[in-house]
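All values derive from a computational prediction rather than experimental measurement.
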Amino acid sequence: MVFSNGRTNLMGASLAVGLTLFSGLVFAAEQRSANDIINALKSPRVTRGLTTSPADAARAADETQFIDALRNRPTRSLSTEERDKIASIASSKPKIDLEINFEYNSAVIGSKAMPQVTELGKALTSADLKGRTFILAGFTDAKGSETYNQGLSERRADAVRQLLSKQYGIEAGNLVTVGYGLSQLKDPANPFAAENRRVQVINAAEK
């Protein structure tokens with residue numbers, strides 16, 4: 001999910017209205033449908049006859065134990081080492097970037113964000129994905145201080161979790177949130193680019 005601001009000349013939270021301003025023109029960011037989200041997050045089919053190696057089985061068990069320990073943990077309580085381990089786990093899992101629109105310097109999900117959140121809610125409660133554990137990982141661009149962006153990415157990931165839990169009945173423990181601030185730019189060559197302002201949804205269960 002991209003946390004988009006639409007006011008790229010403002011400091012810190014260039015993350016809100018879901019629109020990019022360029023040469024005086026306004027371009028709406030792409031919205032992904034529930035089917036897009038489902039297809040991106042579904043686990044790949046396992047080929048019959050393949051066996052899991054002891055090393056892979058041990059790794060999967062360690063990942064499951066680690067994710068289980070994070071359920072219902074406050075996002076801000078995560079250590080740097082825990083955030084790094086989540087990123088390592090996420091690298092091999094099904095995932096998708098979505099845009100969730102926030103007003104400038106706000107962690108409140110406004111009306112402009114609701115269509116995309118609605119599609120996400122439909123996807124996560126679908127027969128294909130219902131009951132699985134997902135990681136909601138928030139990112140910002142390089143505007144503003146590291147501390148400011150870290151906190152903002154955490155608050156916005158938490159806001160998405162709270163809405164999904166309240167409006168779609170998704171168990172809060174099945175939504176693990178983490179914030180990365182500006183530490184993992186999607187486009188390092190363009191640190192202020194809109195594509196850096198995002199939240200990833202990651203299928204942590206993969207089963």
Under a 3.5 Å distance rule, please check whether [X] uses its side chain to pair with a backbone N or O of [Y] as donor and acceptor.
| X | Y | value |
| --- | --- | --- |
| Asn203 | Pro94 | no |
| Glu171 | Gly131 | no |
| Ser165 | Ile170 | yes |
| Tyr180 | Arg83 | yes |
| Asp141 | Asn196 | no |
| Asp62 | Ala58 | no |
| Asp84 | Glu81 | no |
| Lys42 | Asp128 | no |

NZ/NE/NH1/NH2 to OD/OE distance under 4.0 Å, Glu82 and Lys85: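 Salt bridge flag = no for Lys85 with Glu82.
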
Lys/Arg-Asp/Glu bridge criterion (N-O < 4.0 Å) met for Arg161, Asp158: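 Salt bridge: yes.
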
When rounded to the nearest 0.5 angstrom, what is the spacing between [atom1] in [X] and [atom2] in [Y]?
| X | Y | atom1 | atom2 | value |
| --- | --- | --- | --- | --- |
| Phe139 | Asn149 | CZ | CG | 13.0 Å |
| Glu63 | Asp68 | CD | CG | 11.5 Å |
| Ser145 | Leu152 | OG | CG | 10.0 Å |
| Ile86 | Ile202 | CD1 | CD1 | 8.5 Å |

Walk me through whether Arg71 and Thr133 qualify under side-chain hydrogen bond (donor to acceptor under 3.5 Å, both in side chains). CA-CA 9 Å; Arg71 295 176 188 274; Thr133 299; 2.7 Å; yes

Taking side chain to side chain contact (heavy atoms under 4.5 Å, CB included) as the criterion, tell me which of Leu124, Leu129, Ile96 meets it with Ile38.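 Only match with Ile38 under side chain to side chain contact (heavy atoms under 4.5 Å, CB included): Leu129.
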
Can you confirm whether Ile109 sits close enough to Val117 that some side-chain heavy atom of one is under 4.5 Å from a side-chain heavy atom of the other?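 Sidechains of Val117 and Ile109: in contact.
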
Is there a side-chain contact between Leu163 and Met114 (heavy atoms, below 4.5 Å)?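 Of all side-chain heavy-atom pairs linking Met114 with Leu163, at least one is under 4.5 Å.
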
Glu154 and Gln150 side chains, donor-acceptor separation under 3.5 Å: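 Looking only at side-chain atoms, Glu154 and Gln150 do form a donor-acceptor pair, the distance falling under 3.5 Å.
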
Within 6.0 angstrom of Gln167 CD, more than 12 heavy atoms from elsewhere: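 Result for CD/Gln167: enclosed.
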
